[in-house]
Amino acid sequence: MNLQDGQQISACRLCGGHVRQVLDFGRQPVSNAFIRPEDLERETYFELTVGLCENCSMVQQLNEVARDRMFHHDYPYRSSLSSLMSKHFAQVAQQLVETELLDSDSFVVEIGSNDGILLSAVSEEGIRHLGVDPSRGAANVAAERGVRVMVDFFEENTARRIRAEHGPADVIFSANTTSHIAYLDSVLRGVELLLAPGGVFVVEDRYLADIIANNYFDQIYDEHFYLFSVRSVAALAARSGLELVDAERLPVHGGSIRYTIARPGTRPVRNAVPELIEEERAAGLADAATFRGFATNIDRVGNDLVTLLRELRAEGKSVLGYGATSKSATVTNYFDIGPELVPYVCDTTPEKHGRVSPGSHIPVRPAEAFQPYPDYALLFAWNHAEEIMAKERGFRESGGRWILYVPDVHIA
Ligand code: SAM
Ligand code: TMP
Ligand code: ZN
């Protein structure tokens with residue numbers, strides 16, 4: 001990864017501060033654009049570069065992919081395919097119902113409701129709710145589960161329409177979505193005008209500290225426009241006339257945080273907020289030098305992984321991919337891994353079958369195509385390792401081995 005130290009690229013998308021480029025993955029495809037083999041010439045790319053705001057410390061991409069190129073009616077990601085995440089969101093729903101949605105008229109809005117993984121449980125309790133998601137395919141699945149969805153992008157105007165039709169929201173929830181929205185300032189203005197006076201905006205997202213500590217570089221792809229830290233989210237909330245009152249670490253997606261944001265002075269600020277901000281300072285999360293170390297680790301993993309895959313090929317061993325994740329776009333395209341090293345990848349998502357992975361053009365096949373077992377399987381869906389390894393127990397029992405590449409390349 002070659003970067004000119006101190007290169008100035010642009011201004012912070014949120015505070016206008018000076019942004020220093022810290023990572024450069026070069027030309028990358030839209031990560032969820034699994035294409036039909038006959039449509040390859042229609043594929044489009046963008047430059048995946050990451051910067052650090054020297055004012056508010058928000059880590060952000062420097063080139064924005066138009067939102068409707070990523071999120072459209074055929075967006076294939078389906079949250080509920082993971083039983084781990086289904087369990088997680090059922091618990092979150094339960095907690096919200098027990099602590100926040102206490103009134104018979106309580107109202108919850110979810111930004112990025114996808115296939116109804118959270119709101120289906122809320123709907124079962126008969127609570128007023130509205131999901132907002134631009135992906136019609138996912139919204140149709142949610143509707144079948146009794147979830148009411150507005151098929152649209154959440155932004156200031158959407159919030160105004162919701163408020164006019166339904167009144168203020170006691171809870172606005174959003175998981176793994178707000179970091180995807182470059183125009184986050186508009187989202188926060190929308191939250192500010194939609195939130196009830198005593199309401200909460202609860203956001204779950206991957207945590208920059210975990211990404212860097214564990215070398216989870218493949219969490220960086222088009223959709224993850226921002227990489228949140230407690231400091232940068234606290235600054236964002238404050239600039240929007242709101243206050244970050246709690247930050248809880250979560251194990252999901254390799255390490256996330258649940259941020260609770262409220263109107264200033266309405267809730268006590270938990271100690272976790274200043275404590276985590278201090279931990280982030282000690283870990284150098286806002287220092288360009290930390291990202292130089294990260295870039296070195298990423299390139300080392302790339303060399304090790306490609307060397308291993310070439311050696312296995314030379315030895316005549318068979319290798320398949322497991323999990324056609326969005327994350328794998330960065331791995332396969334930055335390290336130049338194509339079907340000659342990984343002939344196909346198995347995945348449970350019907351919408352991805354018969355298609356090829358973006359940029360690297362590795363065919364995607366159903367999980368059943370994992371048998372007869374290969375000698376090795378490259379686990380792109382490492383965040384679901386426990387679930388997948390348990391489900392595919394027979395693979396290891398018959399002598400197969402998993403290849404993982406985070407935090408470094410190893411065989412399990
Ligand atoms: N919340 C689910 C979860 O945690 O599994 C879904 C996460 S998925 C990665 C992101 C979702 O956000 C997609 O369903 C996408 O269509 C939706 N999305 C993207 N931009 C959005 C916006 N501006 N407003 C509402 N939803 C959006
Ligand atoms: P994610 O890392 O973005 O959650 O995507 C996980 C991908 O892995 C998704 O395409 C579905 C796939 N998957 C399987 O193929 N088998 C499984 O058991 C699980 C949990 C996920
Ligand atoms: Zn900034």
Side-chain angles (χ1 to χ4, degrees), residues 11-19 31-32 34 51-60 67-68 70-73 75-86 88-89 92 109-119 131-139 142 149-155 158-159 173-184 186-187 190 204-206 218-219 221 223-226 232 235-236 239 252-254 256 321-328 345-349 351-352 364-367 370 379-392:
C12 175
R13 194 75 166 71
L14 298 171
C15 79
H18 174 240
V19 171
S31 64
N32 258 303
F34 290 87
L52 167 68
C53 174
E54 292 179 333
N55 179 44
C56 75
S57 84
M58 185 63 88
V59 174
Q60 57 200 277
R67 64 186 189 180
D68 42 14
M70 295 186 284
F71 308 114
H72 41 68
H73 297 337
Y75 178 69
Y77 185 74
R78 297 288 178 271
S79 305
S80 302
L81 288 176
S82 161
S83 60
L84 176 84
M85 293 311 294
S86 299
H88 169 75
F89 285 120
V92 177
V109 171
E110 185 182 11
I111 305 172
S113 46
N114 198 268
D115 59 5
I117 189 166
L118 174 97
L119 287 182
V132 184
D133 199 303
S135 160
R136 186 174 296 284
V149 186
M150 173 181 193
V151 179
D152 211 336
F153 290 95
F154 187 93
E155 56 186 11
T158 330
F173 182 84
S174 189
N176 310 305
T177 300
T178 43
S179 66
H180 300 39
I181 308 178
Y183 46 96
L184 194 48
S186 168
V187 170
E204 290 186 7
D205 220 295
R206 289 158 181 83
D218 56 347
Q219 292 286 9
Y221 53 90
E223 292 179 17
H224 294 174
F225 188 84
Y226 296 105
S232 63
L236 172 68
R239 259 195 326 278
V252 297
H253 290 303
S256 299
Y322 206 108
T325 57
S326 8
K327 294 189 284 298
S328 53
V345 54
C346 300
D347 191 284
T348 46
T349 318
E351 286 81 357
K352 296 180 184 175
V364 184
R365 305 218 179 131
F370 196 44
L379 186 58
F380 289 117
W382 51 258
N383 49 321
H384 302 287
E386 208 177 311
E387 184 172 345
I388 291 174
M389 287 182 184
K391 190 190 289 180
E392 300 289 3

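For ligands, and for the atoms within them, numbers begin at 1 and follow the listed sequence.
Ring geometry for F71 versus Y75: interplanar angle over 60°, hence perpendicular rather than tilted (30 to 60°). Aromatic ring orientation, F173 versus F89: perpendicular (interplanar angle above 60°, classes split at 30° and 60°).
Considering both main-chain and side-chain atoms, F71 never comes within under 3.5 Å of ligand 1 through any nitrogen or oxygen pair. For the pair E387 and ligand 2, the shortest N or O to N or O distance does not fall below 3.5 Å. In terms of polar-atom proximity, K391 is counted as a contact of ligand 2, with an N or O under 3.5 Å from an N or O of the ligand. The shortest N or O to N or O distance between F154 and ligand 1 is below 3.5 Å. By the 3.5 Å distance cut-off applied to N or O atoms, N176 is counted among the residues near ligand 1. Residue K327 has at least one nitrogen or oxygen atom sitting less than 3.5 Å from a nitrogen or oxygen atom of ligand 2, judged on distance alone.
For the Zn ion (ligand 3), protein N, O or S atoms closer than 2.8 Å were enumerated as C12 SG, C15 SG, C53 SG, C56 SG, with waters left out.
Heavy-atom contacts of I111 reach the following atoms of ligand 1: 24 (N), 25 (C) (cutoff under 4.0 Å).
Judged by distance alone, the side chains of S80 and D115 do bring a donor and an acceptor atom under 3.5 Å apart. A donor and an acceptor atom, one from each side chain of E223 and Y77, are nowhere located under 3.5 Å apart.
Residue contacts with ligand 1: A138 is excluded, as none of its non-hydrogen atoms falls under 4.0 Å.
The closest non-hydrogen atom to atom 18 (N) of ligand 1, taken over S82, P134, P76, comes from P134. Taking all heavy atoms of N114, L119, D133, I181 into account, the minimum distance to atom 15 (C) of ligand 1 is reached by D133.
Of the candidates H72, E155, H180, E155 is the only one forming a side chain to side chain donor-acceptor pair (under 3.5 Å) with R67.
Under the 4.5 Å side-chain criterion, counting only non-hydrogen atoms from C-beta, D205 is not in contact with S256.
Proximity of Y183 to ligand 1, defined as any heavy-atom pair under 4.0 Å, is confined to the side chain (atoms from C-beta onward).
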